[in-house]
Amino acid sequence: MGKLGFYFDMEACIGCRTCQIACKDKNNNKIGVLYRRVRNFETGVYPRPDGFNYSSSCNHCAEAKCVKGCPTGAMHYAEDGTVQHNKDKCIGCKYCIWNCPYGAPQFLEESGIVGKCDSCKSLRDQGENPACVDACIMRCLEFGDLEELKAKHGADLVQELSVLPEANLTEPSVLIKPKSCAMDANPREKEV
Amino acid sequence: MSSLLKKITDNKISRRSFLKATAAGTASLALTGCGSGLASVDGNINALGEEQGEWVSAACWHNCGGRCLNKALVVDGVVVRQKTDDTHEDSPDYPQQRGCLRGRSQRQQVFGADRLKYPMKRKNWQPGGGDKSLRGKDEWERISWDEALTYIADELQRVKKDYGNRSILHIGGWSSRITDISRTLGLFGGYAEYWNTNSFGSWAMTPKKVGFLQLGVWDQTVNDRFDMRNCETVIMLSMNPAWSAMGSSSWHYLQAKKAGAKFIGIDPFYNESYSMLGAEWVPVRPSTDSALLLAIANVLLTKDHPTMNPLIDWDFLNKYCLGFDADHMPEGEDPKGNFKDYVLGTYDGVPKTPAWASEICGVDKVQIEKLALEFRKDKKVAFLCGMASARTTNSDNLPQLIMTIGAMTGHMGKSGHMTGSTMHATSGNGGPALVCAGSNGLPGIANPVDDSINAGEVWDAILTGKYTFTGSGDFTSADQYKSGEQRDIDIHIIYHSGGATLQTSDGMTKGIEAHRKVDLVVSHSQFVTTNSKYADIVLPVTTEWEKVGGFSGGSLVHSGNREMLIMYSQISEPLFEAKSDQWIANELAKKLGLNEKEAFPFDEKQQFFNALASATVVNEDGKTYGPLVTITDADIKELGVTGKPQTGKITYPELKEKGVYQVKRSQGDNYGYIAYEDFVKDPENNPLTSESGKLEIYSRQLAKTVNDMGFSKIQAIPSYIPPVNGYQDTFQDWESKAKGEYPYQVINPHYLRRSHTVFDNVKWLQEAWHNPVFLNTKDAQANGIGNGETVLITSPYGKILRNACLTERVRPGVVALPHGAWVDVDEKTGIDKGGADNILSGQVPTGQGVSGFNTGIAKIEKYSASKLISDVEKPARIVF
Amino acid sequence: MENLSLILFSICIQAAIGIMIFVALGKSLNKEGQFKPAIVTAAGLAIVGLLASLLHLGRPLAALNSLAHFGTSWLSREIWFTAIFTGLTVLAAVLILVKPTAKGAINVLAPLAAVVGLVDVYVMASIYNYASVPAWQHGSIYVEFYAAAISLGAILFLALSGKEAASLKKAASLTVGAAVALQVAAMVLYYIQLGTSDNLAAGQSLALLNSMSGVMAMKWLFILLGAGMLMFPVGIGGTKVSAGQAAVEVAATTEGALSTTVYLAAALVVVGQIIGRYLFYAVMVINTVGLS
Ligand SMILES: Nc1nc2c(c(=O)[nH]1)N[C@H]1C(S)=C(S)[C@@H](COP(=O)(O)OP(=O)(O)OC[C@H]3O[C@@H](n4cnc5c(=O)[nH]c(N)nc54)[C@H](O)[C@@H]3O)O[C@H]1N2
Ligand SMILES: Nc1nc2c(c(=O)[nH]1)N[C@H]1C(S)=C(S)[C@@H](COP(=O)(O)OP(=O)(O)OC[C@H]3O[C@@H](n4cnc5c(=O)[nH]c(N)nc54)[C@H](O)[C@@H]3O)O[C@H]1N2
Ligand code: SF4
Ligand code: SF4
Ligand code: SF4
Ligand code: SF4
Ligand code: SF4
Ligand SMILES: [Mo]
């Protein structure tokens, strides 16, 4: 099996945040802690504005800076290639938070350690999909073998957007079907 | 990892630790008796739950724009997680009924730390009212159920004796007649009713009069979702399914896009729906659609050529419509009064040209001409309209005008062609319900009092003692829309048994004043909602999760899509001292010395069973219907009800386990639907609801009914009537175009953080959606307002604060304020920090008694006094 | 202030390292020199620094886990080097205090500690340079850290044990000046890169920096003033001598006594570097979706 990761169909995404809430529910996260987060961006000017949404979580990168930088090995690669976090090893030094260019790891005040998207491994181990994937109202999200996802969703998939860091930093395991306006030079993030 | 899970799953875990589990994430309640376990847990509680718990179909019962299957993972009596429909493979043709962010936060609401736990009384309330001015500011005292019900019963008796039943205003939200307490109050001698056009605006009455309904409802004036894929052009007017029709609607529209349809959005707000569909934007001003559509009619008439440029379907007009031109006027009406000559300006000298309309609606005249040509008869066009544009003052002719444009271009009654209203849970999917909900079998109880006060007058009526009686406001009632009659009324009790009316009705500032005038305000609720905040006695009610179970969907108009029926089960015991509305209605009946057996002949279990047994489903032929559920003696015994066994399409245990019955649909099946097909095939034998049975572009009945009601005057043909508090009113002088004190127009998009007011107290959702006010960037800058800065919005009726989101997606001159935020008045400044839309709206009934929620004017300025903290940082309203 | 522990940690360790470097130099020039105050202070600072680093952790008790990934993690390496440096320095200090006769051992330990320390400073800088914080991804932070170590070390060394290494006085004073000069140069380049970057996180850091220009000014005022007092002649009892030489003469004459000027200079540089370190952490903006 090849590298596992997420597919995101930006063209269909309506920015509803159902995925974000499904994730919150699955992980019982406190306010301020988001393993999946949806952001809204705007491009163009009246009367021809446009916009796109980006739903992001941990990208389970092939060259994960969080793993490389972690002094304890709490951040590690699971046998299936996803990036997992070991609560028992973590000392809460926050270095992964500094290192991840996607803002994925989150500090959990109550336990003094970090947490992040675990690709819903516990569900996948039971043959289910990640919570966010099965929640999406527009069926924009998928998780699986990146090669198979490429084959299924065609060539025009990208790993970089003007709002994302260069992919070569961490080799994120994510395939995005972008809206053309998401390639614009400088989109404006909107708090809706 | 998995071994770690195994370890935890092996040792039986205590109820307590699960209480902690549910509490983790946000402050939440534990179940009654278990104290509140506001502790956090780590360790993989979720996978753990799956091995020990049970997935139960969980109610999502709100007026939210969708209807979906939600399930709760209940372990040891406690909900640890939620999920949605996974009862079958998902596909665009046969979609899962997936829940939205709100439904998936339901456990946060039901078990929220701000749930009301006990009956409460306002400290300074006494029989007769006490210090009434303290409503909304007073302290709460916990009282017993017996005390609460005794207070209420005694006041009802006193007020009835001194002033009569008319002085009891019972408000049940949608209709005063639908809540359980209406039965008790009916037996008690009746109550004054409240009515509101709510969702429908002028679609409430107009369609019936002009023949723009199918099978008596709005949802069926457009074809079904499969046929939408046959359209070449989809023209949307005031629609935002992405926010207002959660569930699969937006996905259905996406299928039409994938099938090649081109989309156009006529709206002051380039919303998520339009941007997802890549729609071309026609940035119309709020409440000016009539002007725009009249100009479109004008272009169609002037540019039409039978061979060179066939735009108008004359055969359709001549055969199916009344009043389009002088040759097709109703008997005895002046031929000069026809629509065509009004549009061309033949007699009034004002041709309704794009130039004429542009000054009003703000759309460039060249774009209006282009848009008109998109309607051309030789293309497959869907003209789909939400009702937001009709939630405006003086819009009584708008639905008729929409119908007229559709009729002119012949986009009715054929595959790939449609014209009509589509919104809410049925958005983009017309047709009769394929699965039909049953009835609980409770016999109706009449309301002996006939008084019914329109939302646009209700608070004034309490304050001034006068109102306009126009018949019943209940949509199911035959005697609606009577000739107006000025009546005196002397309200002493406001009884809120449902709905969030003080919050969602026009003119909240006056509403609060009215609440501070009466002797007693009672409110049933689950939280300190606005109704309860300003009440004297608050009764904590259970949520659907704490009831015996029930059904949602199985009927149209705000209840669900046509293809499925959801059955939900009880999730939890009632929290703390919360009781069901029906229990309260029963107990109050006893206190009032009424026979409660008359109020409720049988219990909620039996009501559930009756609904179960009487639910029906369409047969394969797509026409006839049969029983839905197979019920055995064993089932009847298990439920402990009386009834007969029956055979249907699904057994009771399976329905309970699945939680939903959905008709499997596929392209070309027997369940497709084309609106007006029968009428177009054979108009004589399939007359419409209008006086003539035709599509009435000239409607005597519409004009007469509205004009007799007496709120304002309209014509029999669609005409542009400047709205009250509309664009013109943003000027002090229209001719010289000098701007007035309130230079901006306000609209209230329905917002994804909540369902109206419901869910707005859920922190997860407050974190996800910030509820800013959306301002056009240039407007904001012109007023020195920066992105994220706090804005003071002032209308002729009130002041609110919100933080600004500067956007290019709202047309200049428009302030888009999300609908439904809980009011939070700062008693010192009188300014609402919650951003409640109805603080800005007034009591201005027009036409058929429409609430003009989307016709408002205001000024905006930077608020320097202090920055508004984000809603998620505000403390929850926890009383005890 | 969330970064207090990090400021305390990095300043203390770097100061200790700096001191040990000059102790080592001092010893190479003056075999008889003990440099007791310097070594003991360095040991003290190292211990304080190490303890402060624990305060930054969410789970201090599990701190030892951090030794596990020397091979890949700069942070792990930092803990190693800091621990070893501290060990060596503390050992040296203990020997001086309880067994001053063990000169040989101390003479080996001091340079060893200095070398480990020099590497440690590089590792420390690398931690930040590797992070996804554009404001830290610049060579200047290596200069910042080394400059801090050298200047703090030199000036504290002078203040504490200057009298034992007369011949080092001038050199020490000059290195402070040189280090500070380098620091200034690096800062200029740093500003240019931050200003020209089109990364939004970098932009936000720059904005933060500008919003704290007052603090920034203080940093340089203190550092330059402190360095200046060492470098350039200042009046002491009428005779014009550089503070450094002053230290020598005064030390030579009045036993143990030291010019207040040196203390003042030391205080100024220390405060300046602390303010600088505060700014360093204050401008941290991590790269993320929407900020790239
Ligand atoms: N300014 C402005 N105003 C508007 C609109 C707008 O666009 N702009 N939209 C209008 C529209 S379309 C509509 S439909 C209306 C909706 O107006 P409402 O129906 O008043 O709004 P909801 O928030 O749905 O009210 C439902 C209430 O019932 C309570 N509730 C839930 N379950 C139970 C129960 O079991 N028992 C009892 N007793 N109460 C329960 C909820 O807590 C909530 O307070 O608002 C209208 N108001
Ligand atoms: N998330 C969420 N969904 C809901 C609800 C909710 O409260 N929250 N409420 C439900 C209920 S009860 C109802 S009735 C429906 C309402 O559903 P809709 O009526 O579809 O919702 P709105 O957001 O009121 O309006 C839709 C669009 O109409 C535009 N609009 C407003 N005024 C005008 C106008 O004068 N002219 C034109 N051309 N466009 C205009 C708005 O900018 C918006 O883009 O939503 C349902 N769904
Ligand atoms: S649930 Fe789907 S559509 Fe909604 S925000 Fe997430 S990805 Fe986008
Ligand atoms: S996204 Fe961030 S946290 Fe996730 S693997 Fe990549 S670097 Fe690590
Ligand atoms: S916080 Fe935990 S996971 Fe992150 S780097 Fe430190 S030890 Fe590793
Ligand atoms: S995979 Fe699971 S943890 Fe990751 S974002 Fe989706 S729901 Fe959250
Ligand atoms: S759309 Fe309505 S019914 Fe469906 S999940 Fe959301 S709130 Fe519940
Ligand atoms: Mo509605």
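In the text below, chain A, chain B and the rest are named by the order of the sequence lines, each starting its count at 1.
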Query raised in the report: Which atoms of A/V38 come close to chain B, meaning under 4.5 Å heavy atom to heavy atom: side chain ones, backbone ones, both, or neither?
Result: neither
Query raised in the report: With chain A, which of B/R102, B/M246, B/R753 has the greatest number of heavy-atom pairs at distances under 4.5 Å?
Result: B/M246
Report task. Would you please indicate if the ring centroids of A/Y54 and A/F8 are separated by under 6.0 Å? Result -> yes
Report summary line: Within residues 149-173 of chain A, the residues sitting under 4.5 Å from chain B by heavy atom, in sequence order, are none
Query raised in the report: Between the side chains of B/R81 and A/N27, does any donor sit under 3.5 Å from an acceptor?
Result: no
Query raised in the report: Do the side-chain N and O atoms of B/N70 and B/T84 include a donor-acceptor pair separated by under 3.5 angstrom?
Result: no
Report task. Determine which residues belonging to residues 42-52 of chain A lie within contact range of chain B, meaning some heavy atom pair is under 4.5 Å apart, and list them by number or answer 'none'. Result -> A/E42, A/G44, A/V45, A/Y46, A/P47, A/P49, A/D50, A/G51
Report task. Search all heavy atoms of A/K26 against all heavy atoms of A/A131 and return the closest pair with its distance. Result -> CB-CB, 3.9 Å
Report summary line: Most heavy-atom pairs under 4.5 Å with chain A, out of B/L254, B/L752, B/T807, B/L277, belong to B/T807
Query raised in the report: With no hydrogens and no angle check, do the side chains of B/Q766 and B/N771 hold a donor and an acceptor under 3.5 Å apart?
Result: no
Query raised in the report: Which bit of A/N86 comes within less than 4.5 Å of chain B, counting heavy atoms only: side chain, backbone, both or neither?
Result: neither
Requested in this report: Identify whether the distance between the nearest side-chain nitrogen and carboxylate oxygen of A/K179 and A/E11 falls below 4.0 Å.
Outcome: no
**Report entry** A/L108, part contacting chain B, at a heavy-atom distance under 4.5 Å
**Finding:** neither
Query raised in the report: Between B/E280 and chain A, which part of the residue has a heavy atom less than 4.5 Å away: side chain, backbone, both or neither?
Result: neither
**Report entry** Test item: side-chain donor near acceptor, B/S244 and B/Y751, under 3.5 Å
**Finding:** no
Query - Residue pair A/F6 / A/S57, side-chain heavy-atom distance below 4.5 Å - result: yes
**Report entry** Option in B/Y274, B/W281, B/W243 with maximal non-hydrogen atom pairs under 4.5 Å from chain A
**Finding:** B/W281
Query raised in the report: Any luck finding a side-chain donor-acceptor pair between B/K370 and B/Q367 under 3.5 Å?
Result: no
Report summary line: Scored by heavy-atom pairs under 4.5 Å with chain A, the best of B/C68, B/P92, B/A242 is B/A242
Query raised in the report: Will you find, in the side chains of A/S55 and A/R37, an N or O donor that is under 3.5 Å from an N or O acceptor?
Result: no
Query raised in the report: Does any N or O in the side chain of B/R98 come within less than 3.5 Å of the main-chain N or O of B/L69, such that one atom is a donor and the other an acceptor?
Result: no
Query - A/R36/A/S56 under side chain to side chain donor-acceptor pair (under 3.5 Å): CA gap, chis, key distance, verdict - result: CA-CA 6 Å; A/R36 177 167 289 279; A/S56 66; over 6 Å; no
Requested in this report: Could you verify whether a donor N or O on one side chain and an acceptor N or O on the other, from B/E89 and B/S91, lie under 3.5 Å apart?
Outcome: no
